[in-house]
Amino acid sequence: MQFRDLNTQYKVIKNSIDKAIQDVLNEGNYIMGKQVLELEKMLSEYVGVKHCITCGNGTDALTLALMAYDVKENDAVFIPDFTFFATGEVVCFQGATPIFVDIDKDTFNIDTIKLEESIIKVKEEGKLNLKAVIAVDLFGLPANYEELEEIVEKHGLILIEDAAQGFGGNIKGKKACSFGNIATTSFFPAKPLGCYGDGGAIFTNDDKIADLIRSYRIHGKGNDKYDNIRIGMNSRLDTIQAAILIEKFKKFINYELDKVNEIAKIYTNNLSGIVKTPNILDGYYSSWAQYSIILENKQQRDKLKLYLEQNDIPSMIYYPKPMSKQIAFRDIVYINDCIISKNTCDRILSIPMHPYLKIEEILFISNTINKFILTYQ
Ligand SMILES: *Cc1c(COP(=O)(O)O)cnc(C)c1O
């Protein structure tokens with residue numbers, strides 16, 4: 001059994017993928033070929049945002065967004081304490097200061113009350129310039145954008161949606177990658193919509209910001225790539241990856257997204273009352289990058305992980321360490337008390353989740369967890 005089965009997915013769509021790749025080889029436009037523009041158009045229409053700009057990966061997508069908003073030294077950028085490292089890394093890369101905020105224990109997304117408390121605290125201290133919030137759609141579930149948009153407006157910050165794990169989710173029909181001032185995603189193979197290598201994208205309705213990012217991603221180009229009007233980077237999505245994504249996107253919206261939601265329902269039916277199952281609020285729709293359960297404590301979590309392993313069931317700990325405890329951030333002085341985040345790191349376990357899980361596998365996984373919990377002491 002695989003944690004995320006990309007091989008089966010490939011087998012199912014092999015014909016169309018192989019043809020799409022062969023077309024790129026026949027055409028020979030490996031960088032910025034027509035498939036890149038076609039994909040950007042498809043994705044911006046799906047998300048309902050004016051501009052989609054693809055780039056090298058989800059980390060670059062965040063960096064390009066921060067560059068476009070001129071995030072720099074002395075800027076405070078608020079981020080959840082429980083996320084993938086890149087969310088905080090990009091802030092430091094710009095020379096700005098990440099401020100880690102605790103998460104909500106049920107959604108694993110940034111706690112909006114603690115966020116506002118932290119914003120007020122930093123404002124009162126008056127040392128840093130209040131700049132931005134990066135909210136993360138963790139495990140596929142959109143963050144609470146209704147409240148987040150209110151908070152950033154009140155305090156004059158920019159809101160960035162890190163939807164690296166969130167593509168395909170929505171809140172009351174409004175799609176992930178359409179929230180805040182700007183949104184980013186990743187096409188890393190294991191993300192909800194993945195390619196066969198690295199890839200990423202940025203979404204915004206702001207024409208000026210979109211123009212800036214199109215320039216930054218190709219060496220700060222002006223009229224053409226040999227006219228350089230600013231310092232940028234080299235971060236493009238390969239034409240082959242775009243061609244692959246066009247095919248994978250069709251399967252994603254016609255089948256995979258519904259399927260992972262069906263699987264999540266079966267898991268939740270079989271596991272609720274046994275372990276703490278994910279909590280999807282009314283009106284929210286997840287793209288289920290992960291299905292994560294919460295155990296009683298670290299010891300029980302670690303023993304369950306081992307027990308699953310003995311039964312050939314892979315599981316993962318996302319994430320074993322809160323951001324504020326990462327050595328790379330040891331010099332950051334603005335540390336909030338992130339109790340829920342720390343506690344979640346000790347108790348969380350993600351179990352296999354992908355659209356090609358078979359019903360027998362889903363039942364076997366649920367039954368194995370049930371058996372473990374019933375006999376655990
Ligand atoms: C994966 C991920 C990223 C980075 O994406 P890459 O394509 O791997 O660079 C950023 N933020 C979050 C929350 C992620 O899960």
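These numbers come from a predicted model, not from an experiment. Counting starts at 1 for both ligands and their atoms, in listed order.
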Could you tabulate the donor-acceptor pairs under 3.5 Å formed by side-chain atoms of residues 351-363, not counting sequence neighbours?
{"unit_1": "His354", "atom_1": "ND1", "unit_2": "Tyr356", "atom_2": "N", "d": "3.1"}
{"unit_1": "His354", "atom_1": "ND1", "unit_2": "Leu357", "atom_2": "N", "d": "3.3"}
{"unit_1": "Tyr356", "atom_1": "OH", "unit_2": "Glu256", "atom_2": "OE2", "d": "2.7"}
{"unit_1": "Glu361", "atom_1": "OE1", "unit_2": "Lys358", "atom_2": "N", "d": "2.9"}

Do the charged groups of [X] and [Y] touch, with an N to O distance under 4.0 Å?
X: Glu40; Y: Arg214; value: no
X: Glu45; Y: Lys41; value: yes
X: Asp104; Y: Lys114; value: no

Worksheet item: Would you say Gly58 and ligand 1 have an N/O pair spaced under 3.5 Å apart?
Response: yes
Worksheet item: Under 3.5 Å, N or O to N or O, is Tyr319 touching ligand 1 that way?
Response: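 Such a contact does not occur with ligand 1.
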Which of the ligand 1 atoms, numbered from 1, are nearer than 4.0 Å to a heavy atom of [X]:
X: Ser186; value: 5 (O), 6 (P), 7 (O)
X: Asn57; value: 7 (O), 9 (O)
X: Thr83; value: 13 (C)
X: Thr87; value: 11 (N), 13 (C)

Worksheet item: Identify the closest protein heavy atom to atom 4 (C) of ligand 1: which residue and atom is it, and at what distance?
Response: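 That would be Thr59 OG1, 3.5 Å.
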Response to the item:
among protein heavy atoms, the one nearest atom 1 (C) of ligand 1 is Lys191 NZ, 1.5 Å
Worksheet item: Would you say Ile182 and Ile213 make side-chain contact, with heavy atoms under 4.5 Å?
Response: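 Sidechains of Ile213 and Ile182: in contact.
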Fill in: Test of ring centre spacing under 6.0 Å for Tyr284 and Tyr145
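Between Tyr284 and Tyr145, the centre distance exceeds or equals 6.0 Å.
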Worksheet item: Is it the side chain (CB and beyond), the backbone, both or neither of Val136 that lies under 4.0 Å from ligand 1, heavy atoms counted?
Response: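 For Val136, the contact with ligand 1 is made by the side chain alone.
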Discussion item. Nearest 0.5 Å, please: how far is CD1 in Ile151 from OG1 in Thr112?
Written reply: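 If we round to the nearest 0.5 Å, Thr112:OG1 and Ile151:CD1 are 5.0 Å apart.
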Practice prompt. Starting at CD1 of Ile120, measure out to NZ of Lys154 and round the result to the nearest 0.5 Å.
Written response: 6.0 Å
Discussion item. Heavy atoms only: which of Val90, Asp162, Asp198 lies closest to atom 10 (C) of ligand 1?
Written reply: Asp162
Fill in: Residue selection (non-hydrogen contact nearest atom 12 (C) of ligand 1) among Cys55, Ala163, Ala61, Ala164
Ala164
